[in-house]
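Working notes, structure below.
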Amino acid sequence: MADFEIGDVVGCKKFGPMDHDFQGVVEKVYNNSIMVSINDFDPADKSGVNELNGRAVIRQSEAKMIKAVPREEKDDDEADEKKGSKKTAKKTKKVTKKADKKV
């Protein structure tokens with residue numbers, strides 16, 4: 001299974017009201033599926049695209065990456081630091097509130 005990100009261009013298999021395969025841009029990534037804004041489709045499927053309001057939710061396993069947006073490397077250390085700083089900030093706020101109540 002490929003890792004999809006918002007902005008990737010993907011190819012999708014036909015389904016439901018669509019009679020032909022189509023392409024779209026990833027708008028949202030879920031655990032096992034992606035929401036795609038349908039951009040390139042067969043003219044015969046125009047009513048199907050209208051019925052879907054120009055969007056479709058597709059299984060990630062059935063989507064084919066056509067063009068990926070540039071990826072940023074994510075370090076595990078940076079992610080841990082961000083999580084740690086948020087927790088520290090929350091604790092600090094709680095302590096401050098307790099101190100304010102005593103005064």
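Please read all numbers here as calculations on a predicted model, not as lab measurements.
You'll find the side chain of Ser33 stays beyond 4.5 Å of the side chain of Asn31, heavy atoms only. With a 4.5 Å cut-off on side-chain heavy atoms, Val26 and Val29 count as touching.
Follow the hydrophobic side-chain contacts under 4.5 Å out from Ile38 and you never reach Val57; the two are in separate clusters.
For residues 22-38, every residue pair satisfying the salt bridge (charged side-chain N to carboxylate O under 4.0 Å, His left out) rule, not counting sequence neighbours, is listed here: Glu27-Arg55.
Other cluster members for Val69: none, since no ILVMFWY side-chain heavy atom sits under 4.5 Å from it.
The structure places CZ of Phe4 at 6.0 Å from CD of Gln60, a figure rounded to the nearest 0.5 Å.
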Check: residues 9-25 side-chain donor-acceptor pairs under 3.5 Å, at least two apart:
unit_1: His20; atom_1: ND1; unit_2: Asp45; atom_2: OD2; d: 3.3
unit_1: Asp21; atom_1: OD1; unit_2: Lys14; atom_2: N; d: 2.9

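Closest of all the heavy-atom pairs between Ala68 and Asp8 is CA-OD1, 3.4 Å.
In this view, Glu62 and Arg59 satisfy the side chain to side chain donor-acceptor pair (under 3.5 Å) rule, not counting sequence neighbours.
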